S.K.: 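Just dropping this structure here.
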Amino acid sequence: MDIETALKEAMTIDGAIGASLVDYESGMMLGSAGGGRNLDLEVASAGNTDVVRAKARTLDALGIKEGIEDILITLDQQYHLIRLLHRGGTPLFLYLAMDRHRANLALARHGLRTIARNLDL
């Protein structure tokens, strides 16, 4: 599955507002779908790069050698799910913002896991 197809698939997850694929070394978005006036995916993607980096530094400081599978940020009206992609040296994550009232978090996590597994880079 290519990037465009993967992001379109992410947008079929119940409650999806926007999705992006991000290089978390540079903070650059490699692709996006959805978003809009109420969700600037470029700003969200760059900001979530800081979240991923901070969590990785914290795990390192704690001496925890496990990889991050995903990170969930719960807001009053939204879920923001960050799914790290563990592929040979390319530091990427899938980001999915969802309407909390329409989303099923377990299914969203499962859906992003499947998309990540099938994504060809």
Side-chain angles (χ1 to χ4, degrees):
M1 170 181 322
D2 65 10
I3 294 171
E4 183 179 341
T5 303
L7 293 170
K8 285 180 182 175
E9 184 74 19
M11 289 302 295
T12 67
I13 294 172
D14 286 343
I17 300 168
S20 62
L21 179 66
V22 184
D23 177 325
Y24 66 85
E25 266 188 359
S26 68
M28 292 194 57
M29 205 169 47
L30 304 177
S32 67
R37 189 180 63 209
N38 295 326
L39 179 64
D40 184 331
L41 284 170
E42 193 132 351
V43 171
S45 296
N48 283 313
T49 297
D50 294 334
V51 171
V52 172
R53 289 178 187 161
K55 190 59 186 174
R57 279 193 309 271
T58 301
L59 292 175
D60 189 50
L62 292 170
I64 298 173
K65 301 299 181 203
E66 296 181 47
I68 301 168
E69 185 173 332
D70 58 35
I71 298 170
L72 171 65
I73 300 167
T74 304
L75 306 176
D76 293 337
Q77 303 293 318
Q78 297 178 358
Y79 290 127
H80 292 230
L81 186 57
I82 301 166
R83 174 83 187 181
L84 276 73
L85 305 180
H86 303 285
R87 304 261 167 85
T90 307
L92 301 174
F93 66 83
L94 280 167
Y95 166 65
L96 178 65
M98 296 167 283
D99 179 304
R100 185 173 173 168
H101 303 290
R102 296 185 302 126
N104 178 314
L105 191 52
L107 289 176
R109 289 185 71 221
H110 175 72
L112 271 192
R113 183 180 310 120
T114 300
I115 292 166
R117 190 178 311 122
N118 294 322
L119 181 61
D120 290 325
L121 298 172

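Computation of the quantities below employed the complete heavy-atom set of this structure, encompassing side-chain atoms and omitting hydrogens, waters and symmetry-equivalent molecules. This is a predicted model, so every value here is computed, not measured.
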S.K.: Do F93 and I73 belong together in a cluster built from hydrophobic side chains that touch within less than 4.5 Å?
M.R.: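 Yes, F93 connects to I73 through the hydrophobic network.
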
S.K.: Begin with the C-alpha distance, continue with both residues' side-chain angles, and end with the deciding distance and a verdict on side-chain contact (heavy atoms from CB on, under 4.5 Å) for D99 and Q78.
M.R.: CA-CA 5 Å; D99 179 304; Q78 297 178 358; 5.8 Å; no

S.K.: Of all residues at least two apart in sequence or in a different chain, which pass the side chain to side chain donor-acceptor pair (under 3.5 Å) check with T5?
M.R.: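 So T5 forms a side chain to side chain donor-acceptor pair (under 3.5 Å) with D2.
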
S.K.: Locate the shortest heavy-atom distance separating L41 from A33; write the atom from each residue and the value.
M.R.: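 Between these two residues, the closest heavy atoms are CD1-O, 3.3 Å.
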
S.K.: In Å and rounded to the nearest 0.5 Å, what is the CE to CG distance from M98 to L105?
M.R.: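 The CE atom of M98 sits 6.0 Å away from the CG atom of L105.
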
S.K.: Taking only residues two or more places apart in sequence or in another chain, which ones pass side chain to side chain donor-acceptor pair (under 3.5 Å) with E69?
M.R.: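 Only R83 meet the side chain to side chain donor-acceptor pair (under 3.5 Å) criterion with E69.
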
S.K.: With clusters built from Ile, Leu, Val, Met, Phe, Trp and Tyr whose side-chain heavy atoms come within less than 4.5 Å, directly or transitively, what are the remaining members of the cluster of M11, listed by chain and number?
M.R.: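 Grouped by the 4.5 Å side-chain rule, M11 forms a cluster of one, so the answer is none.
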
S.K.: Could you give the side-chain donor-acceptor pairs of residues 13-22 under 3.5 Å, partners two or more places apart or in another chain?
M.R.:
unit_1: S20; atom_1: OG; unit_2: S45; atom_2: OG; d: 2.7

S.K.: The criterion is side chain to side chain donor-acceptor pair (under 3.5 Å); which residues satisfy it with Q77, sequence neighbours excluded?
M.R.: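 Partners of Q77 under the side chain to side chain donor-acceptor pair (under 3.5 Å) test: H101.
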
S.K.: Shortest non-hydrogen contact from Y24 to T49?
M.R.: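 Heavy-atom minimum between the residues: O-CG2, 3.2 Å.
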
S.K.: What's the separation between atom CD1 in I71 and atom NZ in K55, rounded to the nearest 0.5 Å?
M.R.: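 So the gap between those two atoms works out to 7.5 Å.
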
S.K.: Pairs in or reaching into residues 37-82: which pass ring pair (Phe, Tyr, Trp, His ring centres under 6.0 Å), with residues at least two apart or in two chains?
M.R.: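 Of all non-adjacent pairs touching residues 37-82, those that pass ring pair (Phe, Tyr, Trp, His ring centres under 6.0 Å) are H80-Y95.
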
S.K.: Quick check: closest heavy atoms across L119 and A6, and the distance to 0.1 Å?
M.R.: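 Taking every non-hydrogen atom into account, CD1-CB, 3.6 Å.
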
S.K.: Please check if I82 and I115 belong to a single hydrophobic cluster, counting links between Ile, Leu, Val, Met, Phe, Trp and Tyr side chain heavy atoms closer than 4.5 Å.
M.R.: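 Each belongs to a different hydrophobic cluster.
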
S.K.: Apply side-chain contact (heavy atoms from CB on, under 4.5 Å) to K65 and D60, showing your working.
M.R.: CA-CA 7 Å; K65 301 299 181 203; D60 189 50; 4.1 Å; yes

S.K.: Listed by chain and number, what are the side-chain contact (heavy atoms from CB on, under 4.5 Å) partners of R57, not counting sequence neighbours?
M.R.: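 Only R53, A54 meet the side-chain contact (heavy atoms from CB on, under 4.5 Å) criterion with R57.
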
S.K.: Any link between L85 and L59 through a network of hydrophobic side chains (Ile, Leu, Val, Met, Phe, Trp, Tyr) touching at under 4.5 Å?
M.R.: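 Looking at the clustering, L59 is in a separate group from L85.
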
S.K.: Are V52 and L96 joined in one hydrophobic group, where the rule is that I, L, V, M, F, W and Y side chains link up if heavy atoms are under 4.5 Å apart?
M.R.: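 No, V52 and L96 fall in different hydrophobic clusters.
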
S.K.: Test: side chain to side chain donor-acceptor pair (under 3.5 Å). Region: residues 28-39. Which pairs qualify, not counting sequence neighbours?
M.R.: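 Passing the test, one end in residues 28-39: no pairs.
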
S.K.: What's the spacing between I64 CD1 and L62 CG if we round to 0.5 Å?
M.R.: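 The CD1 atom of I64 sits 4.5 Å away from the CG atom of L62.
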
S.K.: Treating N48 as the side-chain partner and V51 as the backbone partner, does any N or O pair qualify as donor plus acceptor under 3.5 Å?
M.R.: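 Checking the backbone N and O of V51 against the side chain of N48, no donor-acceptor pair under 3.5 Å is found.
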
S.K.: Applying side-chain contact (heavy atoms from CB on, under 4.5 Å), can you list everything that pairs with K8, at least two apart in sequence or on another chain?
M.R.: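 Expected list: E4.
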
S.K.: Is it possible for you to say whether I68 and L81 belong to one hydrophobic cluster, with membership spreading through side-chain heavy-atom contacts below 4.5 Å?
M.R.: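 No, because I68 and L81 fall into different hydrophobic clusters, even though each may have its own neighbours under 4.5 Å.
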
S.K.: Please determine whether side-chain contact (heavy atoms from CB on, under 4.5 Å) holds for the pair R100 and T74, giving the CA-CA distance in whole Å, both sets of side-chain angles, and the decisive distance to 0.1 Å.
M.R.: CA-CA 8 Å; R100 185 173 173 168; T74 304; 3.1 Å; yes

S.K.: Go through the structure and list residues passing side-chain contact (heavy atoms from CB on, under 4.5 Å) with T12, not counting sequence neighbours.
M.R.: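 Checked T12 against side-chain contact (heavy atoms from CB on, under 4.5 Å); matches are E9.
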
S.K.: Output side-chain donor-acceptor pairs under 3.5 Å for residues 106-114, partner residues at least two apart or in another chain, one line each.
M.R.:
unit_1: R109; atom_1: NE; unit_2: D70; atom_2: OD2; d: 2.8
unit_1: R109; atom_1: NH2; unit_2: D70; atom_2: OD1; d: 3.4
unit_1: R109; atom_1: NH2; unit_2: D70; atom_2: OD2; d: 3.0
unit_1: T114; atom_1: OG1; unit_2: H110; atom_2: O; d: 3.1

